[in-house]
2 protein chains.
Amino acid sequence: MEILSGKWKFHILGTLLLNEKLRFMDLLREVEGIAPKMLSKELQDMEMNQLITRTIVHTKPITVEYALTEAGKTVGPLIDELASWGTAYRNALFHQ
Amino acid sequence: MEILSGKWKFHILGTLLLNEKLRFMDLLREVEGIAPKMLSKELQDMEMNQLITRTIVHTKPITVEYALTEAGKTVGPLIDELASWGTAYRNALFHQ
DNA sequence: GTATATAGTTACCAATGGGTAACCAGTTTC
DNA sequence: GAAACTGGTTACCCATTGGTAACTATATAC
């Protein structure tokens with residue numbers, strides 16, 4: 001649970017699930033509202049936990065690509081199940 | 001996700017999944033390490049979110065019984081899936 | 001040489017989360 | 001009448017989380 005803790009991790013992982021490879025600035029734009037400091041920190045966290053990879057591309061200017069590892073991709077189903085539990089939970093409350 | 005946030009909710013829910021009905025002092029003893037303040041606060045949270053019920057029993061001395069609602073019981077499978085993701089994740093890292 | 005792009009880092013601040021310890025009020029037992 | 005049970009509440013404190021804003025450094029285009 002600690003591995004997935006924090007306000008932004010699910011959002012970042014979800015974005016990477018949809019896009020395969022993204023650069024830092026891409027993520028900054030796609031993950032709405034995140035500050036560069038937080039994005040940097042969360043990416044470092046997830047790289048340490050081997051959910052994502054960070055590869056420097058020696059273009060000019062230099063770019064950095066972030067992508068999910070195989071372990072990272074397994075989070076996909078988990079996000080789906082959490083989401084479907086959430087909607088089921090709301091429906092259960094609504095229909096009681 | 002906010003509904004299940006906090007250090008103790010999964011632990012309390014897990015304990016209630018195993019026991020059906022528990023009193024405040026029972027939970028304080030079974031949820032290892034929790035302080036009465038935190039238990040009280042988490043129970044209030046979950047009662048508000050209709051995951052558990054709180055029923056006063058007019059014994060002497062008075063006791064209070066906490067139990068899962070139907071909505072609360074649906075958290076069971078979710079806990080299982082989070083747990084199995086966790087072990088699968090650890091195995092994936094170990095065997096790489 | 002000025003603006004803009006790349007990918008971050010740094011300093012500072014506020015709110016939240018969670019912990020400890022003590023306390024309260026009623027009731028029963030010794 | 002003192003202790004121990006019931007179910008909490010209160011006051012205080014610290015660490016972590018997350019936010020804002022500014023800054024760094026390199027390189028390209030204009």
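Side chains included, hydrogens not; waters and symmetry mates left out as well; all remaining heavy atoms used. First the proteins, then the strands, lettered A, B, ... as listed; each starts at 1.
For residues 87-96 of chain A, the set of pairs meeting the salt bridge (Lys or Arg N to Asp or Glu O under 4.0 Å) definition, not counting sequence neighbours, is empty.
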B:Ile12 vs B:Ile34, side-chain contact (heavy atoms from CB on, under 4.5 Å): CA-CA, chis, key distance, verdict:
CA-CA 10 Å; B:Ile12 296 170; B:Ile34 197 169; 4.1 Å; yes
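Annotation: ring pair (Phe, Tyr, Trp, His ring centres under 6.0 Å) contacts of B:Tyr89 (sequence neighbours excluded): B:Trp85.
In this structure, CD on B:Gln50 lies 10.0 Å from CD1 on B:Ile3, to the nearest 0.5 angstrom. Atom CE of B:Met48 sits about 13.0 Å away from atom CZ of B:Arg54, to the nearest 0.5 Å. To the nearest 0.5 Å, atoms OG1 (A:Thr63) and CE (A:Met25) are separated by 12.5 Å. Atom NZ of B:Lys9 sits about 14.5 Å away from atom NE2 of B:His11, to the nearest 0.5 Å.
Using a 4.0 Å cutoff to heavy atoms of chain B, the contacted part of DNA chain C runs 5' to 3' from C:dG18 to C:dT28. With a heavy-atom cut-off of 4.0 Å to chain B, the contacted part of DNA chain D has its first and last nucleotide at D:dT6 to D:dA11.
No engagement by A:Glu65 is indicated, since no non-hydrogen atom pair under 4.0 Å with the nucleic acid exists. Here B:Glu42 lies out of heavy-atom contact (under 4.0 Å) with every strand.
Counting only heavy atoms from C-beta outward, the side chains of A:Glu42 and A:Asp45 approach each other to under 4.5 Å. In this structure the side chain of A:Phe10 reaches within 4.5 angstrom of the side chain of A:Leu4, judged on heavy atoms.
Across A:Leu16, A:Val75, A:Leu43, a single residue satisfies side chain to side chain contact (heavy atoms under 4.5 Å, CB included) together with A:Leu51, and that is A:Val75.
Where A:Ser5 and B:Lys37 meet DNA chain D, the nucleotide closest to each residue was compared, and B:Lys37 sits on the side nearer the 5' end. Comparing A:Lys41 and A:Pro61 by the nucleotide of DNA chain D that holds the closest heavy atom to each, the one mapping nearer the 5' end is A:Lys41.
Between the side chain of A:Ser84 and the main chain of A:Asp80, a donor-acceptor pair closer than 3.5 Å is present. A distance-only check finds no donor-acceptor pair linking the side chain of A:Lys41 to the backbone of A:Lys37 [under 3.5 Å].
Proximity of residues 14-33 of chain A to DNA chain C (heavy atom under 4.0 angstrom from any strand atom) is restricted to A:Arg23, A:Phe24, A:Met25, A:Arg29. A heavy atom lying under 4.0 Å from DNA chain C marks the following residues of residues 52-60 of chain B, by number: B:Lys60.
Donor-acceptor pairing under 3.5 Å is lacking for the side chains of A:Gln96 and B:Glu70.
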